[in-house]
Amino acid sequence: MNINDKEFVKEVTSQAVDFSQWYLDIVLKTEMMDYAPIKGCMAIRPYGYAIWENIQQLLDRRIKETGHKNAYFPLFIPESLLEKEAEHVEGFAPEVALVTRGGNEELAEKLVVRPTSEAIICEMYARWIQSWRDLPLLINQWCNVVRWEKNTRPFLRTSEFLWQEGHTVHATEEEAQEETLKMLGVYQDLLESELAIPVIPGQKTEKEKFAGALRTYTIEALMADGKALQAGTSHNLGQHFAKVFEIKFQDKDDELKYAWTTSWGVSTRLIGALIMVHGDDRGLKLPPRVAPIQVVIVPIIGKKSKDEVLRRANEVAAGLRSINIRVELDDREGYSPGWKFNQWEMKGVPLRLEIGPRDLENKGVTAVRRDTGEKSFLLDQDLSAQLPLLLQNIQDSLFEHALKFREQKTYRPQDYGDFKEALDEKKGFMLAHWCGDARCEEEIKAGTKATIRCIPFDSDPKDKGPCLFCQKEGRPVYFARSY
RNA sequence: CGGGGCGUGGCGCAGUUUGGGAGCGCGCCUGGUUUGGGACCAGGAGGCCGCAGGUUCAAAUCCUGUCGCCCCGACCA
């Protein structure tokens with residue numbers, strides 16, 4: 001039997017049996033999170049939080065490199081502020097948590113727990129901006145937000161979640177648009193080069209756009225069960241918020257003008273994406289760039305060789321640390337090597353090194369990849385040169401694997417019947433023409449539960465065809481059932 | 001908010017039909033033997049059976065209510 005076919009992890013439901021249960025088993029058993037005693041809320045445990053910290057670090061660097069600064073705004077938003085932008089309040093009202101009391105007193109004005117911070121931030125921006133010289137204003141904040149969700153799932157949709165939200169102000173529409181697309185590009189780069197998740201960037205339809213936005217852009221990823229996940233969004237807010245919050249500036253031509261704002265965010269949902277894009281029946285498969293532990297060393301301790309093996313294992317660990325590899329030496333006693341192998345595979349550690357008497361004799365270590373199960377023997381003298389390459393190789397092949405999967409799962413249905421059949425039987429993305437009419441979009445959703453994930457940027461302008469629903473001429477868009 | 005399911009040591013469950021000892025497996029603790037794909041032996045700790053009422057000589061079990069969680073749908077990062 002091939003090692004990959006053996007059922008090592010008995011506690012985890014198979015993806016094929018019940019994908020949703022598989023997901024829940026994984027997040028609990030790898031100790032990424034635990035349910036908290038509040039509906040829809042979770043405790044993010046150290047192993048899950050370490051992934052978030054890695055994502056934060058990789059993204060924060062990019063946010064700063066593109067000229068943004070971090071700041072922090074209040075958790076509470078006076079209800080009247082949230083209500084200023086009509087579409088915005090309509091979009092978020094059903095899911096806000098309200099604070100009505102402070103201490104022993106009823107509040108004169110109720111406070112919304114931020115579901116997103118446009119309102120409070122724009123309120124502050126109006127005070128800070130007077131001249132074109134104050135622009136662009138480029139700020140990001142890392143924080144938690146609360147949305148009272150009816151249907152929650154760990155990491156994918158929780159009542160409270162962690163994210164970053166960038167909020168920028170510009171003098172011109174063109175600049176705001178450029179910013180909106182630039183940050184979408186940053187997200188795409190983050191996902192593809194760090195999380196090894198290929199995404200489709202594009203624009204959201206009117207129906208799917210952010211409440212209060214002029215235009216919303218998105219990166220869409222495909223999960224292993226064929227459902228799409230919105231992994232990040234970037235909004236051109238036009239002058240909607242500037243007008244209601246009075247963000248005005250005096251331009252070079254002396255005229256007082258309303259500014260243009262944008263906002264963009266990604267959340268802890270990305271952790272859910274990592275799990276569902278790369279994971280398999282044996283557990284997580286973490287890309288080395290975000291894995292809390294990149295290399296785990298499992299010493300094979302025999303009675304006679306114990307001291308020698310442990311000494312060598314410690315040496316190897318120290319050597320890897322010195323070249324900035326995140327390494328863990330699992331020298332726990334009382335667990336057999338086989339048990340540890342399974343444990344660390346479930347936790348998705350990209351590479352395992354086994355060091356036992358045989359390896360000592362051969363002056364090397366045995367390396368086993370989590371993604372392919374491939375075993376190799378590395379000489380001690382080659383370790384510091386080989387391991388970074390091996391990790392990069394794993395990173396690349398995870399991305400390639402996910403990309404190939406997405407390509408195989410992207411169909412071009414001929415007609416509506418074909419579309420419905422493919423959705424049910426093959427799942428995945430359906431690239432089909434759409435006339436642009438919201439009514440067709442609505443009908444398709446009602447009939448199939450599939451939504452337009454995005455209008456992709458990269459489609460050929462000459463690619464025209466009959467709308468999936470009404471047959472009028474349209475352009476290609478991605479449909480899918482989604483999380 | 002609709003439909004379904006579940007609440008019994010840390011986890012997974014049996015026991016509830018037909019009321020009367022709170023049990024099993026895993027995990028945990030101690031000691032010993034082990035260690036190249038989830039080791040073994042011996043001893044041990046741990047639960048007012050989600051909560052509140054009620055029926056009864058007696059309730060995990062029957063009745064009423066209530067709370068929570070999970071899954072699937074309608075709405076959303």
Side-chain angles (χ1 to χ4, degrees), chain A residues 1 3-4 6-11 13 18-21 23-25 28-29 31 34-42 90-96 115-116 144-165 187 204 207-211 216 218-220 229-235 263-273 282 298-306 309 330-346 352-361 365-366 368 373 375 377 445-446 449 451 481-483:
Chain A
M1 191 189 276
I3 191 163
N4 289 313
K6 285 173 77 174
E7 195 187 307
F8 285 108
V9 185
K10 297 178 192 72
E11 298 93 335
T13 306
D18 185 344
F19 191 85
S20 168
Q21 190 58 51
Y23 179 84
L24 293 168
D25 287 349
L28 285 166
K29 287 177 174 146
E31 299 184 341
D34 196 5
Y35 289 106
I38 305 102
K39 183 173 166 50
C41 290
M42 60 178 179
E90 196 188 324
F92 283 103
E95 52 187 32
V96 295
T116 178
N144 59 340
V145 287
V146 168
R147 298 182 187 178
W148 218 255
E149 299 286 353
K150 299 194 167 116
N151 206 354
T152 56
R153 288 162 71 78
F155 295 112
L156 297 174
R157 176 166 294 106
T158 44
S159 298
E160 178 190 11
F161 58 93
L162 306 182
W163 76 347
Q164 58 66 219
E165 46 180 328
Y187 290 155
K204 283 289 186 189
K207 184 174 158 19
E208 299 283 331
K209 77 177 188 189
F210 176 76
T216 289
T218 178
I219 48 172
E220 297 285 326
L229 183 78
Q230 177 175 309
T233 49
S234 185
H235 317 289
S263 68
W264 28 272
V266 296
S267 70
T268 35
R269 171 182 269 192
L270 289 179
I271 296 171
R282 290 161 74 181
V298 178
I300 314 296
I301 300 164
K303 201 171 188 178
K304 288 160 285 185
S305 53
K306 180 175 173 180
V309 165
D330 186 357
D331 57 1
R332 289 175 296 175
E333 292 185 34
Y335 290 92
S336 70
W339 192 90
K340 292 178 182 176
F341 296 169
N342 287 300
Q343 189 73 8
W344 291 114
E345 280 169 9
M346 184 169 76
R352 173 175 81 242
L353 300 183
E354 300 171 20
I355 300 178
R358 281 208 303 268
D359 302 291
L360 289 189
E361 215 170 291
V365 302
T366 302
V368 185
K375 268 192 189 187
F377 182 78
K445 185 180 177 186
K449 287 170 189 141
T451 49
R481 294 195 178 122
S482 72
Y483 278 96

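Each chain gets a letter, A, B and so on, in the order its sequence line appears, and its residues count up from 1. Just so it is clear, the values below take in all heavy atoms, side chains as well, and ignore hydrogens, waters and symmetry mates.
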Novice: Using both distances under 3.5 Å as the test, list the Watson-Crick or G-U wobble partner of B/rG53, or none.
Specialist: B/rC63

Novice: Using a 6.0 Å distance limit plus a 45 degree cone around the ring axis, check whether A/R153 lies over the aromatic ring of A/Y23.
Specialist: yes

Novice: Can you tell me which nucleotide in B/rC70, B/rC72, B/rC76 comes closest to the side chain of A/E95?
Specialist: B/rC76

Novice: Using OP1 and OP2 only, check whether a side-chain N or O of A/K340 sits under 4.0 Å from B/rG38.
Specialist: no

Novice: Look at the side-chain N and O atoms of A/Y335 and state whether any lies under 4.0 Å from the OP1 or OP2 oxygen of B/rC28.
Specialist: yes

Novice: Toward the 5' end of RNA chain B, which comes first, A/H235 or A/G302, by nearest nucleotide?
Specialist: A/G302

Novice: Verify the contact: side-chain N or O of A/S336 to OP1 or OP2 of B/rA39, cut-off strictly under 4.0 Å; return yes or no.
Specialist: yes

Novice: Check this one for me: any side-chain N or O of A/S20 less than 4.0 Å away from OP1 or OP2 of B/rC72?
Specialist: yes

Novice: Are the side chains of A/V298 and A/L353 in touch, meaning some heavy atoms are under 4.5 Å apart?
Specialist: no

Novice: Between A/A231 and A/L360, which residue's closest nucleotide on RNA chain B lies nearer the 5′ terminus?
Specialist: A/L360

Novice: From the options B/rC28, B/rC70, B/rA77, select the nucleotide whose nearest atom is closest to the side chain of A/Q230.
Specialist: B/rA77

Novice: Reckon A/R153 has a side-chain N or O less than 4.0 Å from the OP1 or OP2 of B/rC72?
Specialist: yes

Novice: Please determine, for B/rG12, whether a Watson-Crick or G-U wobble partner exists with both distances under 3.5 Å, and give it or none.
Specialist: B/rC24

Novice: Within less than 4.0 Å of OP1 or OP2 of B/rC75, is there a side-chain N or O belonging to A/K445?
Specialist: yes

